[in-house]
Amino acid sequence: MIEARHLRVLRAVAATGSFSAAARELGCTQPAVSQQMKALEGAAGTPLLIRSGREMRLTEAGRALVRHATGILAGLTAAEEEVAAIAGLRAGRVRLVSFPSGSSTLVPMALAELRAAHPGTRVSLVEAEPPGSVEMLRSGDCEIALAFRYPQMSEEASGEWDDLVLRPLLNDRLVGVVPEGHKLAGAGAVGIAELAGEPWIAGCPRCRGHLVEVCESEGFTPRIDFATDDYPTVIGLVGAGLGVAVLPELALESVRTKGATTLEVEPAVRREVVALTLPDLARVPAVAATLDRLEQAARR
């Protein structure tokens with residue numbers, strides 16, 4: 001195998017015309033240069049130099065290798081500089097996937113602080129709900145996925161993240177949302193069974209599944225009239241008197257609750273919000289810095 005250090009020696013020998021002059025240029029001994037050249041010729045499988053007395057000339061293979069060495073060593077230097085920049089957070093790219101309520105609350109603050117501290121690190125954002133976002137992480141379409149899960153998830157699904165690095169962010173409480181004119185609007189807190197006869201507005205597939213599980217554990221199956229992943233739409237439908245809903249507090253932080261009011265719901269439910277990445281990616285400086293900023297944003 002041809003090594004970069006051998007190419008550097010060959011280029012110095014070609015430029016200076018002798019082992020001793022090349023040694024002076026490289027800051028090493030003449031025997032060291034001779035050994036490096038023998039190793040390079042062994043790797044190339046053909047002579048690279050013709051020695052005649054004090055004169056030293058390149059063979060045709062030697063000339064070809066010197067010609068390629070310039071581009072190879074320049075590319076290697078550029079690669080070393082780029083890697084050093086990434087390792088020092090002067091450069092780098094992180095692709096982030098987040099569910100919508102995380103995108104509107106946790107992500108902006110985290111990315112603003114990351115940019116202020118490391119302006120050379122670029123972060124892109126797309127939205128996807130789990131488990132789709134987690135599959136994007138595993139398939140190499142992103143470096144970090146924000147995801148959530150509910151404590152009532154089945155045992156079969158509870159190990160779905162065991163192969164990933166998990167950074168806990170927060171426990172996000174779910175609250176009830178009813179029209180302002182609803183009979184329970186001023187109650188402050190209600191048991192979810194008190195909403196058994198209501199039409200429901202549900203969210204993403206994972207949220208809908210959890211809603212059905214909770215309601216069935218309280219003795220009824222919710223009648224879901226509307227399903228939407230868009231939280232402002234949920235609030236709009238509730239505010240228009242078309243049904244009731246349960247929403248995460250994160251979602252309510254960035255949505256106007258016009259025409260709707262919130263209630264504490266029993267049994268209390270909190271979803272676990274986390275940032276996920278792959279074990280190897282967790283050691284990449286830009287990824288680690290982004291995870292740190294997400295965790296800091298979640299504490300506020």
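Contact detail for Leu184 and Leu195: the closest heavy-atom pair is CD1-CD2, 3.7 Å. Shown here for Thr121 and Leu114, the closest heavy-atom pair between the two residues is CG2-CD2, 4.3 Å. When every heavy atom of Ala145 is checked against every heavy atom of Leu137, the shortest pair comes out as CB-CB, 4.3 Å. For the residue pair Leu48 and Ala44, the shortest heavy atom distance occurs at CD2-CB, 4.3 Å. Across all their heavy atoms, Ala14 and Val66 have their closest contact at CB-CG2, 4.0 Å. Contact between Met136 and Ser139 at its shortest, heavy atoms only, is O-OG, 3.1 Å.
Under the 4.5 Å side-chain criterion, counting only non-hydrogen atoms from C-beta, Met56 is not in contact with Met37. In this structure, Leu164 and Leu278 have side chains that are in contact, with non-hydrogen atoms separated by less than 4.5 Å. Using a 4.5 Å cut-off on side-chain heavy atoms (C-beta onward), Arg8 and Leu76 make contact. In this structure the side chain of Val265 never reaches within 4.5 angstrom of the side chain of Leu174, judged on heavy atoms. Within the 4.5 Å cutoff, the side chain of Leu49 has heavy atoms near those of the Glu41 side chain. Put simply, the side chain of Phe148 does not reach to within 4.5 Å of the side chain of His210, judged on heavy atoms.
Within a 6.0 Å sphere centred on CD of Glu82, other residues, nucleotides and ligands contribute 12 heavy atoms or fewer.
Ion pairing of Glu135 with Arg138 is present here, as a side-chain N (NZ or NE/NH1/NH2) and a carboxylate O approach within less than 4.0 Å. Salt bridge status for Arg206 with Glu160: present, with a side-chain N to carboxylate O gap under 4.0 Å.
Side-chain N or O atoms of Ser34 include none that pairs as donor or acceptor with a backbone N or O of Pro31 at under 3.5 Å. Between the Glu295 side chain and the Ala275 main chain, no donor and acceptor come within less than 3.5 Å of each other.
Taken from CD in Glu129 to CG in Asp229, the straight-line distance is 5.5 Å, to the nearest 0.5 Å. The CG atom of Leu166 sits 10.0 Å away from atom CG of Leu291, with the distance rounded to the nearest 0.5 Å. Here the straight-line distance linking atom OG of Ser18 with atom CZ of Arg24 works out to 6.0 Å at 0.5 Å rounding. Here Arg67 contributes atom CZ and Leu58 contributes atom CG; the two are 11.0 Å apart, rounded to the nearest 0.5 Å. Note that CG of Leu146 is 8.5 Å distant from OG1 of Thr105, once rounded to the nearest 0.5 Å.
Applying the salt bridge (Lys or Arg N to Asp or Glu O under 4.0 Å) criterion to Glu198, with sequence neighbours excluded, gives no partner residue.
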Identify each donor-acceptor pair in which a side-chain atom of residues 85-101 lies under 3.5 Å from a protein atom, sequence neighbours left out, and give them as a table.
from   : atom 1 : to     : atom 2 : distance (Å)
Arg95  : NE     : Glu143 : OE1    : 3.1
Arg95  : NE     : Glu143 : OE2    : 3.1
Arg95  : NH1    : Gly140 : O      : 3.4
Arg95  : NH2    : Gly140 : O      : 2.9
Arg95  : NH2    : Glu143 : OE2    : 2.6
Ser98  : OG     : Ser103 : N      : 3.2
Ser98  : OG     : Ser103 : OG     : 3.3
Ser101 : OG     : Arg271 : NH2    : 2.9

Under 3.5 Å, sequence neighbours excluded: what are the donor-acceptor pairs made by side chains of residues 235-252?
from   : atom 1 : to     : atom 2 : distance (Å)
Glu249 : OE2    : Arg173 : NE     : 3.4
Glu249 : OE2    : Arg173 : NH2    : 2.7

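Judged by distance alone, the side chains of Thr228 and Asp230 never bring a donor and an acceptor atom under 3.5 Å apart.
Hydrophobic clustering keeps Val214 apart from Ile201 (ILVMFWY residues linked when any side-chain heavy atoms are closer than 4.5 Å, directly or through intermediates).
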